[in-house]
Amino acid sequence: MRLPRPVARQLTRGVVRPLLSPRLPLGLRRPLLDATARVVPLPRGTRRSRGTLGGVPAERVVAGGATGPHQVLYLHGGGYQTGSPTSHRALAAHLSTAAGAPVHLPVYRLAPEHPYPAAVDDVVEAYRALRDAGHEAQRIAVAGDSAGGGLVMALLLRLRAAGEELPGSIGLISPWLDLDLTPPLLRLNAATDAMLSPDWLAGAAERYLGARSTRAEEPLRPLDADLSGLPPVHVVAGGDEILVGDSDALVARLRAAGGTVDYLRAEGLWHAYPVLVGLLREADEAVAALGAAIRRDCGGGRNPRVAVVGAGFGGIGLGMALRSAGWTDPAELTILDRADGVGGVWRANTYPGAACDVPSHLYSFAAEPGTEWSRRFAPQPDILRYLERLTREHGLPPHLRLGTEVTEARWDEERRAWRLSAGGDWIEADVLVPACGQLSRPARPNLPGLDRFPGPVFHSAEWDHDVDLAGKRVAVIGTGASAIQFVPAIADRVAELRVFQRSAPHVIPKPDRAYGRRRPGRRAAARAFWTAFFELGALGLTSLRTAALPFRLASAALRRLQVPDPELRARLTPDHPIGCKRILISSNYYPTLSRPHVHLVTEAIAEVTATGLRTADGTEHPADVIILGTGFRATDFLAPMKVFGPGGRELSQEWRDGARAHLGITVPGFPNLFLLYGPNTNLGSGSIVAMLECQIGYVRQAVELLRRGVRTLTVRPEVAERYDEEIQRRLAGTVWTGCRSWYRTASGRIVNNWPGTVAEYARRTRRFEVDEYEVGA
């Protein structure tokens, strides 16, 4: 779980800083710091081993599949007197993931027991040991934080003085370079740095120098040394830290010397904030960028180019995940959307009353719970603001190509890449991820005369805000999830409102309320409660039908309480089992239909006339405006985009009998194609965001495998066939077979819904099983 920046700052100030205090004996400080680091999560599949490097004890940390061939030598910080591979294990593991390489952490000797030059001697021997093991210097990156950053510079200067080949890449996180503590920001930022104080640094410097009274040796004064001819240097520092002046000075001197250097100076952040990787978003991004830079410098290969089609929850979520994994170059990650902004359906659907029917605590990413929610069931503007904020904060704008519709994607067999036709240009990508969603293409009814109606006609997903409904006679066609929201919202404006219903939906109460002050503890409890609630609902629709009884009773009770007219109540009573079609949530829809100027029409529409609509019984229903609440073409996945695989196979033709995909993500015969919100991943009960997070994690594993040298991944036909047979067999026992709905194709095949719980889907997608794929080298 990611922490908000203020919480992370308080954690650093309230836990880490006191553990550095000289008031604690050094023998107690060291193990306590190691203990606190154990709470930071490691990437899945991380392996650790102990050994030696040139006689120096060391720990080797390798994230899943991060096998190099390049290597990272990481020198931990701690003021030369604390810190260890244990305290920096999580940082090393995440750096291993981002760099795609093993990370070696030497246990160099600490002061005051071992003052300068003991630590420098140890790291020099560790580096030489990697060279003696056969690793080319260009294939070695050396990185470190705080005092470890100072050791990195000391190592470089010692190697150069000895005439030895320098490493291929340098990473410095909040390096401590000026042992005299002269930069003015040291005192100016004393109040804003959450971790260090000037007095602590002075004491640490004194212990590191020991009896040495002079700093004349070059490794002790790297800012005064000749910095020309160094490898590429990548510097990360917090704008609020007391040592940021050291980073500023180093970057200026490197640039003056003609060196290659990039600098991430993160305003508002404190000393060595990347050690909170896995807990703080900004730390994740900094480590990802550093790892990507190391990969480029050391010849570890570029990241596979990923093209994501769609900038809704799926596209933004995958962009966030890949950015944190090292896809920081816009040339390696492109998110395309035909709209002029991010948000997907939450940008397109601006109809009055638009809101989510899943509580906001659950309709958000687990690591980004959001602060935008004004109500339990978030209105559309809140959700759009949430996605826009995540886009900004996770650095996605450079990766966006908005106002660009992808009309075609073709697999180039010779280049083994996808070529996308987008806005008149061709974009090449190694991986194609359609994140178009299932509810992105409005469905318009085929009604005689609709195209000749003289008044305004628009779909709820394409709401025409220029049309003034005041005093108008409005006809609403459809009673789905959108209609039950906008009908109550516009009822007060219109002169007369007719709602044309083909099939009465099941409606249950909406326990909505305004949010005041939000506490993180309550937020987590609310998420846990709603997760359990919707998982129970999923069982009621699939394998444990009796679990749906409370929802059926709630629907019936709501009609009895809110619809006093027995004739109207009868027309609003569904003729299908609850859950067979989408269960709707509203506490004001039924009362709206009972108002004198609102009429429910259940006769079938025969045609649209010049003055309104005529139903099959011959009744004329006058209308000035027609609003279509007729849903979406949910079974037409990816349309209108055409996807052509090897040999010119067209995906929609492969799906002519109904869309299908292994885990709803991958399709046999279509290499490096991964779908988000694909076939059979929709939920009858629950948050689609939770399903998307599972898919995003799965796709991230796949592209990280491609990053390690695999060229193509194509799911095996027999694996996909077995999965599809299982899913369809299970779906045959669900409530969704009991009626016609948008979950099914014309032939009756259920192509949208998942027949289990979110927990089951999370378990099945937790690990990318390479054995299920044909792997192209």
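Just so you know, these numbers come straight off a predicted model, no measurement behind them.
In this structure, Glu332 does not pair ionically with Arg707, as no charged nitrogen and carboxylate oxygen lie closer than 4.0 Å. Between Arg265 and Asp248 a salt bridge is recorded (basic side-chain N to carboxylate O distance below 4.0 Å). Remark: Arg385 does not engage Glu388 in a salt bridge, criterion side-chain N to carboxylate O under 4.0 Å. By the 4.0 Å N-to-carboxylate-O rule, Arg131 lies close enough to Glu165 to be salt-bridged with it. Taking 4.0 Å as the cut-off between side-chain N and carboxylate O, Glu285 and Arg281 count as a salt-bridged pair. A salt bridge links Asp121 and Arg158; the closest N-O separation between the charged side-chain nitrogens and carboxylate oxygens is under 4.0 Å.
Between Tyr386 and Pro369 the shortest heavy-atom distance is CE1-C, 4.4 Å. Contact detail for Gly370 and Arg389: the closest heavy-atom pair is CA-NH2, 3.6 Å. Taking each heavy atom of Pro18 and Arg13 in turn, the nearest pair found is CD-O, 3.2 Å. Nearest heavy atoms, Leu151 versus Ala119: CD2-CB, 3.9 Å. Among all heavy-atom pairs drawn from Asp193 and Leu196, the shortest one is OD1-N, 3.5 Å. The two atoms that bring Ala162 and Arg128 nearest to each other are CB-NH2, 4.2 Å, heavy atoms only.
Side-chain atoms of Arg47 do not come within 3.5 Å of backbone N or O of Val62 as any donor-acceptor pair. Using modelled atom types, one side-chain atom of Arg29 and one backbone atom of Ser21 make a donor-acceptor pair closer than 3.5 Å. In this structure, the side chain of Asn303 engages the main chain of Gly326 through a donor-acceptor pair within 3.5 Å. A donor-acceptor pair is defined here as one N or O able to donate and one able to accept, closer than 3.5 Å; such a pair exists between the side chain of Ser96 and the backbone of Ala101. Checking side-chain atoms of Glu693 against main-chain N and O of Ala366 turns up a donor-acceptor pair under 3.5 Å. Panel note: side chain Asp145, backbone Ile173; no donor-acceptor pair is recorded below 3.5 Å. In this structure, the side chain of Glu393 does not engage the main chain of Thr391 through any donor-acceptor pair within 3.5 Å. At least one donor-acceptor pair under 3.5 Å links the side chain of Arg30 to the backbone N or O of Gln81. Side-chain atoms of Asp284 do not come within 3.5 Å of backbone N or O of Ser324 as any donor-acceptor pair. Using modelled atom types, no side-chain atom of Thr182 and backbone atom of Asp178 make a donor-acceptor pair closer than 3.5 Å.
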>> Walk me through whether Leu243 and Leu201 qualify under side chain to side chain contact (heavy atoms under 4.5 Å, CB included).
In response: CA-CA 10 Å; Leu243 288 179; Leu201 285 173; 3.8 Å; yes
> Should Thr334 and Arg305 be marked as a side-chain hydrogen bond (donor to acceptor under 3.5 Å, both in side chains) after you check the CA-CA gap, both sets of side-chain angles, and the distance that decides it?
Replying inline: CA-CA 8 Å; Thr334 306; Arg305 298 161 298 173; over 6 Å; no
> Run the side-chain hydrogen bond (donor to acceptor under 3.5 Å, both in side chains) check on Asp226 and Ser228 step by step: do they pass?
Replying inline: CA-CA 6 Å; Asp226 176 11; Ser228 62; 2.8 Å; yes
> After noting the C-alpha distance and the side-chain angles of Glu368 and His394, does the key distance pass the side-chain hydrogen bond (donor to acceptor under 3.5 Å, both in side chains) rule?
Replying inline: CA-CA 11 Å; Glu368 297 282 358; His394 285 267; 2.8 Å; yes
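In this structure, the side chains of His70 and Ile140 stay at 4.5 Å or more apart for every pair of heavy atoms. In this structure the side chain of Leu11 never reaches within 4.5 angstrom of the side chain of Val16, judged on heavy atoms. Considering only heavy atoms from C-beta on, Val15 comes within 4.5 Å of Thr36 through its side chain. Side-chain contact between Glu59 and Tyr74 is absent, with no heavy-atom pair separated by less than 4.5 Å. Within the 4.5 Å cutoff, no side-chain heavy atoms of Val120 are placed close to those of Leu155. Proximity of Ser364 to Arg527: side-chain heavy atoms (C-beta onward) are separated by under 4.5 Å at one or more points. Under the 4.5 Å side-chain criterion, counting only non-hydrogen atoms from C-beta, Arg221 is not in contact with Leu179. Within the 4.5 Å cutoff, the side chain of Pro102 has no heavy atoms near those of the Val61 side chain.
With rounding to the nearest 0.5 Å, the separation of CG in Leu333 from CG in Asp329 is 9.5 Å.
Each of Leu33, Leu110, Asp34, Leu105 was checked for a side chain to side chain contact (heavy atoms under 4.5 Å, CB included) with Ser84, and the lone residue meeting it is Asp34. Tested against Val152 for a side chain to side chain contact (heavy atoms under 4.5 Å, CB included), the candidates Ile170, Leu177, Val233, Val123 yield a single pass: Ile170.
Checked against a 6.0 Å centroid threshold, the rings of Tyr80 and Trp176 count as neighbours. Side-chain rings of His104 and Tyr127 stay apart, their centers remaining 6.0 Å or farther from each other.
Ring geometry, His76 versus Tyr108: the interplanar angle falls under 30°, so the pair is classed parallel (tilted spans 30 to 60°). Ring-plane geometry between Tyr208 and Tyr116 is classed as perpendicular, the angle between the planes exceeding 60 degrees on a 0 to 90 degree scale with a lower cut at 30.
Sorted by first and then second residue, the side-chain hydrogen bond (donor to acceptor under 3.5 Å, both in side chains) pairs involving residues 229-247 (not counting sequence neighbours) are Arg9-Asp240, Ser174-Glu241, His234-Asp262, His234-Asp297, Glu241-His271.
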